[in-house]
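What's counted below: heavy atoms across the whole structure, side chains too, no hydrogens, waters or symmetry copies.
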Amino acid sequence: MENQHETLVHGVVVRGVGVQPDTKCAHYASEKDIIAIKFPCCNTYYPCHACHEAVANHKATVWPNDQFREKAVLCGHCGHELSIQDYLEANNTCPSCFASFNPGCSRHYHLYFSMA
């Protein structure tokens with residue numbers, strides 16, 4: 001792609017630092033770090049909050065809980081897009097391909113989703 005901070009993941013543009021074809025990045029690269037989250041401020045997928053901070057030219061915003069039905073989580077293993085609600089209820093597993101997601105991501109939910 002033209003931009004060094006963009007990678008196609010299953011046909012979806014994911015922006016970040018060192019993004020791999022399964023959405024791992026320079027900040028999070030375990031075998032289970034295979035999701036990207038669409039940020040509502042720019043309608044763009046990033047592997048993590050640190051990638052958004054490093055690459056975007058604006059401050060990140062979180063998804064309000066009245067928009068949790070929006071498709072905003074990309075499985076880097078199969079390309080399935082999950083709604084936020086589906087992701088939060090998925091028990092760290094893609095409902096499409098059954099790949100395991102990193103359960104540690106829950107420590108950062110407040111950076112992506114309004115949990116109030």
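- Residues passing the ring-ring contact (aromatic ring centres under 6.0 Å, His included) test with Tyr45: none are found, sequence neighbours excluded.
- Linking ILVMFWY residues whenever their side-chain heavy atoms come closer than 4.5 Å, directly or via other members, places Val55 and Phe39 in the same cluster.
- Remark: Pro21 pairs with no residue by the side chain to side chain contact (heavy atoms under 4.5 Å, CB included) rule, at least two apart or across chains.
- Contact check for Gln85 versus Gln67: no side-chain heavy atoms found under the 4.5 Å cut-off.
- Tyr46 and Val19 fall into different hydrophobic clusters, defined by Ile, Leu, Val, Met, Phe, Trp and Tyr side-chain heavy atoms under 4.5 Å apart, directly or through other members.
- Within the 4.5 Å cutoff, the side chain of Tyr112 has heavy atoms near those of the Cys48 side chain.
- A 4.5 Å side-chain heavy-atom check between Leu74 and Val9 finds at least one atom pair inside the cut-off.
- The main-chain N or O of Lys32 is never found under 3.5 Å from a side-chain atom of Ser100 such that the two would form a donor-acceptor pair.
- Residue Ser106 holds its OG atom at 9.0 Å from CE of Met115, rounded to the nearest 0.5 Å.
- Proximity of a side-chain donor or acceptor of Thr23 to a complementary backbone N or O of Ile35 within less than 3.5 Å is detected.
- By the ring-ring contact (aromatic ring centres under 6.0 Å, His included) test, His49 pairs with His108, sequence neighbours left out.
- Cluster membership for Tyr109 and Leu82, using ILVMFWY side-chain heavy atoms within less than 4.5 angstrom, is shared.
- Ring-plane geometry between Phe101 and Tyr87 is classed as tilted, the angle between the planes lying from 30 to 60 degrees on a 0 to 90 degree scale.
- No side-chain heavy atom of Ser96 sits under 4.5 Å from any side-chain heavy atom of Cys75.
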Open item on the list: side-chain contact (heavy atoms from CB on, under 4.5 Å) for Lys38 and Asn43? Distances and angles first, verdict last.
Closed with: CA-CA 6 Å; Lys38 187 186 298 181; Asn43 201 37; 3.1 Å; yes
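- Identified under the side chain to side chain donor-acceptor pair (under 3.5 Å) test for residues 68-79, with sequence neighbours left out: none.
- For the atom pair Asp66 CG and Phe68 CZ, the distance stands at 9.0 Å (nearest 0.5 Å).
- Applying the side chain to side chain contact (heavy atoms under 4.5 Å, CB included) test to Thr61 and every residue at least two apart in sequence or in another chain returns Pro40, Cys41.
- Cys25 is not listed as a side-chain neighbour of Val17, based on a closest heavy-atom distance of 4.5 Å or more.
- Sparse packing is recorded around CD of Glu53, with 12 or fewer heavy atoms of other residues, nucleotides or ligands lying under 6.0 Å away.
- In this structure, His52 has its ring center at least 6.0 angstrom away from the ring center of His27.
- Taken together through direct or relayed side-chain contacts under 4.5 Å among Ile, Leu, Val, Met, Phe, Trp and Tyr, Ile34 and Val14 form parts of separate hydrophobic clusters.
- Contact detail for Cys94 and His80: the closest heavy-atom pair is SG-CB, 4.2 Å.
- Taking 4.5 Å as the limit, every side-chain heavy atom of Asn65 sits out of range of all side-chain heavy atoms of Phe113.
- No side-chain heavy atom of Val13 sits less than 4.5 Å from a side-chain heavy atom of Thr44.
- For the side chain to side chain contact (heavy atoms under 4.5 Å, CB included) test, residues two or more places apart in sequence or in another chain that qualify with Thr93 are Phe98.
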